[in-house]
Amino acid sequence: MSVPALHLRPAWALLKRHHQKVRRLHLRQLFAKDGKRGERLVVEAAGIYFDYSKNRITDETMELLLQLARESGLQDRIDAMFRGDRINTSEKRAVLHVALRAPRGASILFDGQNVVPEVHAVLDKMAEFSQRVRSGAWKGHTGKRIRSVVNIGIGGSDLGPVMAYEALKHYAERSMTFRFVSNVDATDFAEAVHGLDPEETLFIVSSKTFTTLETMTNAHTARDWLLSGLKGDSAAIAKHFVAVSTNAQEVAKFGIDTANMFGFWDWVGGRYSMDSAIGLSTMLAIGPDNFAAMLEGFHEIDEHFRTAPFERNLPVLMALLAVWYNNFFGAQTVAVLPYEQYLKRFPAYLQQLTMESNGKHVTADGADVNYDTGPIYWGEPGANGQHSFYQLIHQGTRLIPCDFIAFARTANPLGRHQDMLLANVFAQTEALAFGKTEKQVKAEGTPDWLLPHRLFEGNRPSNTLLLEALTPAALGKLVALYEHSVFVQGTIWQIDSFDQWGVELGKALAQRIIPELESAADPELEHDSSTNALIRRYRKLKRSGP
Ligand code: G6Q
């Protein structure tokens, strides 16, 4: 089915007109008019209670947004993704991260081949390896067991593993240390290995391509660090390095035995790979059973996304609301506010997932878009954020839709902490939606001069996602939820959510500049005057150092 350009879809014009009609409606009115709104505009699926009642929407808004989803050919696109079509058109690749969590025995075809058995073969190999390392059966070169694991990777080969390790730390093997190196800034490496014993350290070099500058630089530095700690015996590499990659040739060239390589596939995008072998550090930390539970959580949302009618489909609803604020209210950002300390890296993870996926200014066909695409995602764990940037969300001039993520149970039940934490979630969404009127502020005896400062307009929209507890399965569900929401948004905007050409230019320019910084003789510089001057100044400063 060919889908008309966004502004030619009937729902688009209807939504524009509708927005004019409802944009001034206040959540106070909407809630006053419908005493059951807070119970009605709720969807519960896969153990997630999703309350979207505190959004600036009416029933008509939702009908029109759902019409937009249909007119965007969303069902066809979902089917195409699950069918293994090459929907990443600019890279001519299929997008099959859903196959990474398909249960054993399921069938997902790519080029006529069922990929699920291969996926499980890698998972089995990871499980076997993880068990050997965790039990101490896998020994380092000098016969000692492995106590520290360092994942070397960047972007999609780092953000997921870091986030998942932090999120599931409660489930992690605490007698082992897990560290992550991504930045080419040597400080990252130096700090990651600080205090580690090379005899007990395992490096996982995680790189889909095995050519990424930062990762390969860190991997070589790691090899030097290990060998200098083990008296230069290069036979040690086999016991202290494993690779996660799709590029066996480069892995072998580095000196890692390909028997110790965990593969994945072209149809797994970097930022969609934390549940592939890229999650080896996660599995080493939490064990194969917990990893399997995480995959089940992912799969539950995949099935929900694939089969639930759009009006009860969590990723679809989340995406439509994001489009509503992005394209009709002109909101430029979305705040993600997890009230769960273990999710402290979740916003950073989501930044790549959302912005690398939907930060595009052309459609998949290469036409310039004449509407805004991916909003900026940002956030911090709740409570802390309240004492910093929430001021702007409550009383600033910008509209910032928020996702509040909360859990009923904590892994660390201490005194009254959890009730206090959750009280803050509910209080914040209430304050954002309903604010505080002049009458209320006056009734508190506020002097007139202070009134404007103490007023809360309210009408600040939010979603609340309430789950039982942050288990491995819950983490899988949350990630899958956002993955699919990103895809739905990209479908409406007709962009390729799975390529990332925007990261290429800087990489290529850096390759050209490296020799200009390293050369002994002053290089001929042919950049712009600013870049030339910066390079010269750097060369001078580094020469003048101690
Ligand atoms: C993600 C991107 C990107 C990628 C890194 C690392 O979708 O493709 O972040 O993950 O550039 O790439 P390698 O895994 O190939 O080192």
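Read the numbers this way: they start at 1 and go in the same order the structure lists the ligands and their atoms. Sequential numbering from 1 along the given sequence is applied to the chain's residues.
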Ring centers of Phe291, Tyr171 separated by less than 6.0 Å: no
Considering only non-hydrogen protein atoms, determine which one is nearest to atom 15 (O) of ligand 1 and report residue, atom name and distance to 0.1 Å. Thr209 OG1, 2.6 Å
Check each atom of ligand 1 against the heavy atoms of Thr212 and keep those under 4.0 Å away; list them by number with element. 12 (O), 13 (P), 15 (O), 16 (O)
Is it true that Asp111 and Arg86 make a salt bridge, defined as a side-chain N closer than 4.0 Å to a carboxylate O? yes
Hey, does the Lys NZ or Arg CZ of Arg77 hover above the aromatic six-ring of Phe487, less than 6.0 Å from the centre and inside 45° of the axis? no
Could an N or O of ligand 1 be found under 3.5 Å from any N or O of Phe210, whether backbone or side chain? no
Identify the protein heavy atom lying closest to atom 4 (C) of ligand 1, giving its residue, its atom name and the separation to 0.1 Å. Gly156 N, 3.8 Å
Regarding ligand 1, does Ser206 bring an N or O atom to under 3.5 Å of one of the ligand's N or O atoms? no
Carboxylate-amine/guanidinium contact Asp499 Lys360, below 4.0 Å: yes
Which atoms of ligand 1 sit under 4.0 Å from any heavy atom of Ile154? 5 (C), 6 (C), 10 (O)
With the threshold set strictly below 4.0 angstrom, can you tell me whether any protein non-hydrogen atom sits that near atom 11 (O) of ligand 1? no
If you measure from atom 1 (C) of ligand 1 to every heavy atom of Glu250, Glu356, Met216, which option wins on shortest distance? Glu356
Determine, using ring centers only, whether Tyr272 and Phe498 are less than 6.0 Å apart. yes
Any N/O pair Thr215/ligand 1 closer than 3.5 Å: no
Is a side-chain donor-acceptor pair under 3.5 Å present for Glu118 with Trp265? yes
Heavy atom to atom 3 (C) of ligand 1, shortest distance: which of Arg271, Gln352, Gln500 holds it? Gln352
Are Phe407 and Tyr339 close enough that their ring centres sit under 6.0 Å apart? no
Taking only heavy atoms of Ser157, which atoms of ligand 1 are found under 4.0 Å from at least one of them? 10 (O), 13 (P), 14 (O)
Is the terminal nitrogen or CZ of Lys125 (NZ for Lys, CZ for Arg) located under 6.0 angstrom from the six-membered ring centre of Phe262 and within 45° of that ring's axis? yes
